[in-house]
Structures are given as structure tokens and as C-alpha cells.
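Order of the sequence lines fixes the chain letters, A, B, ..., with proteins taken first and strands second; residue numbering starts at 1 for each chain.
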Amino acid sequence: KAGVTQTPRYLIKTRGQQVTLSCSPISGHRSVSWYQQTPGQGLQFLFEYFSETQRNKGNFPGRFSGRQFSNSRSEMNVSTLELGDSALYLCASSSSGQETQYFGPGTRLLVL
Amino acid sequence: AQSVAQPEDQVNVAEGNPLTVKCTYSVSGNPYLFWYVQYPNRGLQFLLKYITGDNLVKGSYGFEAEFNKSQTSFHLKKPSALVSDSALYFCAVRDQNRGSTLGRLYFGRGTQLTVWP
């Protein structure tokens, strides 16, 4: 099976812009979770989607949002970008959320 | 609250020597425990997990981990380190009994492992 794929791999944006990141889970997986990784804060949970519903949400401002489509692909959106949003954004998929999560290669976002 | 501690930011070992990367956790219920590895500019790669059963769990690339409930620890080990094992290692936990946190992993800060020739 193909692994988790994320697009784009790299992004450069300026403050105030918005960005959309995409994640395609492993075939058959219905749960998609998103994490932000920064040197200062480490790995922080953003949200989890299962069957097109947000099931879980981390402690991030409302500028961070996401959605999941009927084919389990997921997108996350960050509006009004801030310098502190520069990070590696990782997507992970699992069958139902209870099993092992498998991670994609990440999208590295740089906000100037 | 659920949390994970990796007390060592960095572990250095010589190739061929055994290695240990430490992890302790805190959950209110029964833990699911995981180890992941991250190479530069890559995502996280699953190594092994503990769900239930035997306290010694074997995983990929010769790694194993020992679950100790009384010490709430889940240390990662390998009998003989390779230079190619040099990477960033993350321990993660999820509470089996908290349905509200399904799909959410709590990670430690990571331990940079360097294996020198």
C-alpha cells in the first residue's frame, strides 16, 4: 500500500496570507490527525478527523481549521498567517484512530 | 492529564554498543505506547508499540522496548547500535480508556541519538 502523502512539501508565505495543506491517508484508513512540529514546542496535536467529522481538537486558535472529504483525504487551512506558524505540519492516518498512526513526510511552511 | 517525558535531549553511543533511550509517561487509564523515529527533513516513522501482553516489545530494525507499569516507563533499546540509527526518537502515549482522545497522541520532546563510528 502507498503511504501517507502530503502536498505541497514546501511552502513559503508572507504574514497575513492564508495556506491550505493537503493529506491523503493510507488506503482504507478513515482517521486523519494533524500535528505541528516546531523546535520550541515540539509535536503538538492540531485536530483529528474521522468519517468527515472533527472528533478531537488541540489547543490552537481558530485560524487553524480543517476538513475531511468522503474519500478520507483531509485538508488543513491556516488563515492570517503569523511568523510563529512556521513549522513542519505532519499528517497521520490510522484505521479508526485507535490503532497505530502512520505519518506522512510533512509540509514545511515558512512564513516571512 | 496525559504526558510523556524523555529526560535526555541527547544520547551518544559508540557503534556496536547497546543503546537505551528513556521514556516515562503519565495517563489516567491504561496506556497505548509508541516509539517513532525521525530522520532529517522527514516525517515520523513507526518503530514499535505496546498495547497489552508481553512487557518486552520487538519492533523494526532490531529495536525493542520494555514496558514497566510500576515505573511508568517504556524505554527503547537496541543491543548493538549502528551509525545509521542516528536520528531523533519520539515516545508517544495514548490513554486506552479515554474515547474522547481517540486519534490523539501525546509526544515527548524527543531524544537525539548519535552513534559514532
Side-chain angles (χ1 to χ4, degrees), chain A residues 3-7 9-10 21 23-26 29-51 53-60 66 68 72 74 87-108 110, chain B residues 1-10 23 25 27 29-52 57-60 63 65 74 87-112:
Chain A
V4 178
T5 58
Q6 293 187 244
T7 57
R9 292 292 311 277
Y10 303 94
L21 312 182
C23 172
S24 292
I26 291 171
H29 284 188
R30 296 168 63 192
S31 168
V32 173
S33 298
W34 289 88
Y35 296 85
Q36 181 196 64
Q37 185 180 20
T38 59
Q41 300 298 319
L43 280 155
Q44 294 187 285
F45 173 79
L46 281 156
F47 27 65
E48 186 228 357
Y49 286 87
F50 180 80
S51 293
T53 300
Q54 187 181 88
R55 190 162 65 173
N56 222 326
K57 189 177 191 305
N59 189 26
F60 277 81
Q68 187 179 34
S72 293
S74 177
L88 181 66
Y89 290 88
L90 293 164
C91 160
S93 78
S94 66
S95 296
S96 67
Q98 296 187 65
E99 297 79 21
T100 302
Q101 292 187 15
Y102 294 92
F103 284 79
T107 294
R108 186 165 295 281
L110 177 61
Chain B
Q2 301 173 69
S3 66
V4 174
Q6 293 180 242
E8 300 158 317
D9 291 336
Q10 188 135 11
C23 170
Y25 66 90
V27 296
N30 293 317
Y32 282 169
L33 292 155
F34 302 84
W35 275 102
Y36 288 88
V37 60
Q38 186 176 37
Y39 295 96
N41 300 314
R42 304 282 293 277
L44 272 64
Q45 185 175 331
F46 170 70
L47 278 178
L48 51 77
K49 67 181 178 185
Y50 171 83
I51 303 297
T52 187
V57 179
K58 294 189 183 298
S60 306
F63 284 94
F74 189 56
L88 187 57
Y89 290 80
F90 289 96
C91 180
V93 69
R94 191 176 71 240
D95 188 337
Q96 291 186 35
N97 301 116
R98 287 180 64 86
S100 63
T101 62
L102 280 174
R104 175 174 186 166
L105 291 173
Y106 294 82
F107 284 90
R109 294 301 298 260
T111 298
Q112 180 65 48

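Residue B/Gln45: no heavy atom, backbone or side chain, is found under 4.5 Å from chain A. For A/Tyr49, no part lies near chain B; criterion is any non-hydrogen pair under 4.5 Å. Heavy-atom distances place the side chain of A/Gln37, and not its backbone, under 4.5 Å from chain B.
Within the model, atoms OG1 of A/Thr100 and CG of B/Leu47 stand 11.5 Å from one another, a figure rounded to the nearest 0.5 Å. Atom CG of B/Asn41 is separated from atom CZ of A/Arg9 by 8.0 Å, given to the nearest 0.5 angstrom.
The aromatic ring centres of A/Phe45 and B/Phe107 sit 6.0 Å or more apart.
Between B/Tyr106 and A/Gln44, the closest side-chain pair of non-hydrogen atoms is not below 4.5 Å. A/Gln101 places a side-chain heavy atom less than 4.5 Å from the side chain of B/Tyr36.
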Would B/Tyr32 and A/Glu99 count as a side chain to side chain contact (heavy atoms under 4.5 Å, CB included) here? Give the steps. CA-CA 9 Å; B/Tyr32 282 169; A/Glu99 297 79 21; over 6 Å; no
Do A/Leu43 and B/Leu105 pass the side chain to side chain contact (heavy atoms under 4.5 Å, CB included) test, and can you show the C-alpha distance, the side-chain angles, and the key distance before you say yes or no? CA-CA 9 Å; A/Leu43 280 155; B/Leu105 291 173; over 6 Å; no
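For the options A/Cys91, A/Pro105, A/Gly42, heavy-atom pairs under 4.5 Å to chain B are most numerous at A/Pro105.
Looking at B/Arg42, its side chain never comes within 3.5 Å of a backbone N or O of A/Gly106 through a donor-acceptor pair.
Pairing each heavy atom of A/Lys57 with each of B/Arg104, the nearest pair is O-NH1, 3.9 Å.
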